[in-house]
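Atoms within each ligand, like the ligands themselves, are counted from 1 in listed order. Any value given below was found using the heavy atoms of this structure, including those in side chains, with hydrogens, waters and symmetry copies removed. Positions are given from 1 along the sequence.
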Amino acid sequence: MSRAFPRITEVRLTPILIADPPLLNRSGVHQPYTPRLIVEVETDGGVTGLGETYGDTVYLDRARELSRDLIGRSIGAVNAIASIGRSASTLLDAEPAASGLRGALTTDKVRLSVLSAFEVAVFDALGRHLGVPVHTLLGGKVRDAVDYSGYLFYKWAEHPVAVAEPDDWGPALDPDGVVRQARKFLAHGGFGSLKLKGGVMPPEEEIAAVRALAAEFPGLPLRLDPNGAWSLETSLHVAEQVGGVLEYLEDPTTALDDLAELHRRTGIPLATNMVVTAMDEVRPAFDRDAVQIVLSDHHFWGGLLATRDLAAVCRAYGRSLSMHSNTHLGISLAAMTQVAATVEGLDYACDTHYPWQAEDVLTERLVFRAGAIAVPETPGLGVGLDRDALARLHERWKAMPHYRVRDDVAALRRAGIRSSAR
Ligand code: GKR
Ligand code: MG
């Protein structure tokens, strides 16, 4: 007789606003607050599971709609979640700036990003019910700790609009500032590799920053990610100048044929979270050898099982898998760590924005040691929810309706700054 698992009785969706420093990227600058969505799945077995995803209005609306379909489902039927709300995908916005620089935004990416939080919450509940960590439910861990990369950003000292929580990172607008920030990062978490978000300054300045990092931290693997801001010519030039100290170049440009040519002519490995962001984008990129490392993201790929599927596809093609990140809190980091713990051949440290987030909804903040997060052995995701923190951040969301959508261009627009002048 098959075992009966608890059934879902309630899905609680709590949109929150989290403080974010003025980090610069190709589109502009992070706003003082970023929306996230916290999902709690309650069951009739007494266990509750946690999930986290993007909180912009389009995700929240879809989550409200799709969450109804979870009620009454068994938490033992995780695979079935993937088909909730499935229909033909349509383009919502071709401009990557609108979706946090992770490729075009489609209805299916929104759906998958919502379902990923549901799936993670169901895995968390199932793990708690069975008394095992999520990685056990995914087949078991193949490592005891997951390496993350220190994620450096060009950065203003403060937001152009007053915020309650100024950060203590200081500005980073030239090579010295970037190196100063890197030192802080290494002191914070002892990271074993560093990534610089590029596409902000003229390429020569970003080349100088990478050289400064290489000189300050000899032998430390470095990455540069301009989010597709460059032409093929610029990408070739950057690869020529600093290719020797980069473990990979990330999304230098976006046309597949240009990426293929760049790789063919320079040999530099190319990583992406912009041109391979959904299954139908895999083949064209791999067939051309335009991408060597896919930066998966369990949010927009549809969850932890989907991430493992992607890992298998990459293995079949002889490509590497690592992880992309966007502004997120500890529930997402815990989920990333659980799935990354189970993926063989994770050759590169994963990305995370977590060190940039001073606040969290966890009872205990996750801590980087030697650049890694230890894989927990406690049931589920291994994290607890701080209800007071959740309520506080939800109150902020209610009080600030003008931050309901991530918009990196807003501050520049308000200040009358053209992106080339920043
Ligand atoms: O947070 O500014 C940012 C990043 O640029 C983010 O939007 C990207 O999606 O981190 C991401 C990346 O690796 O491209
Ligand atoms: Mg990237």
Is ligand 1 less than 4.0 angstrom away from at least one heavy atom of [X]?
| X | value |
| --- | --- |
| His328 | no |
| Thr327 | no |
| Asn273 | yes |

inquiry  = Report whether any nitrogen, oxygen or sulfur of Asn273 sits less than 2.8 Å from the Mg ion (ligand 2) (N, O or S, backbone or side chain).
reply    = yes

Per-atom contacts, ligand 1 versus [X] - under 4.0 Å to a heavy atom:
| X | result |
| --- | --- |
| His30 | 1 (O), 2 (O), 3 (C) |
| Asn227 | 5 (O), 12 (C), 14 (O) |
| Ser325 | 10 (O), 11 (C) |
| Phe153 | 1 (O), 2 (O), 3 (C) |
| Leu101 | 5 (O), 7 (O), 9 (O), 14 (O) |

task = Pick, from His353, Lys197, Arg102, Met323, the option with the minimum heavy-atom distance to atom 12 (C) of ligand 1.
result =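 Nearest option to atom 12 (C) of ligand 1, by heavy atoms: Lys197.
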
Classify the contact between [X] and ligand 1 as side chain, backbone, both or neither, using a heavy-atom distance cut-off of under 4.0 Å.
| X | value |
| --- | --- |
| Met274 | neither |
| Asp225 | side chain |
| Lys195 | side chain |

Does [X] have its ring centroid less than 6.0 Å away from the ring centroid of [Y]?
| X | Y | answer |
| --- | --- | --- |
| His353 | Trp356 | no |
| Tyr54 | His328 | no |
| Tyr348 | Tyr248 | yes |

For [X], does the [atom1] atom have more than 12 heavy-atom neighbours from other residues, nucleotides or ligands under 6.0 Å away?
| X | atom1 | value |
| --- | --- | --- |
| Glu344 | CD | no |
| Arg283 | CZ | no |
| Glu42 | CD | yes |
| Glu377 | CD | yes |

request  = Hey, could you give me the CZ/CZ distance between Arg111 and Arg62, rounded to the nearest 0.5 Å?
outcome  = 7.5 Å

inquiry  = Please check this pair: side chain of Gln31 against backbone of Ala410, looking for a donor-acceptor N/O pair closer than 3.5 Å.
reply    =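 No, because the side chain of Gln31 does not come within donor-acceptor range (under 3.5 Å) of the backbone of Ala410.
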
query = Do the side chain of Arg211 and the main chain of Ala209 share a donor and acceptor less than 3.5 angstrom apart?
reply =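 No, because the side chain of Arg211 does not come within donor-acceptor range (under 3.5 Å) of the backbone of Ala209.
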
query = Relative to the Mg ion (ligand 2), which of the N, O or S atoms in Glu250 is the closest?
reply =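 In Glu250, the heteroatom (N, O or S) nearest the Mg ion (ligand 2) is OE2.
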
message = Which atom name would you report as the N, O or S atom of Asp225 nearest the Mg ion (ligand 2)?
response =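 It is OD2, the N, O or S atom of Asp225 closest to the Mg ion (ligand 2).
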
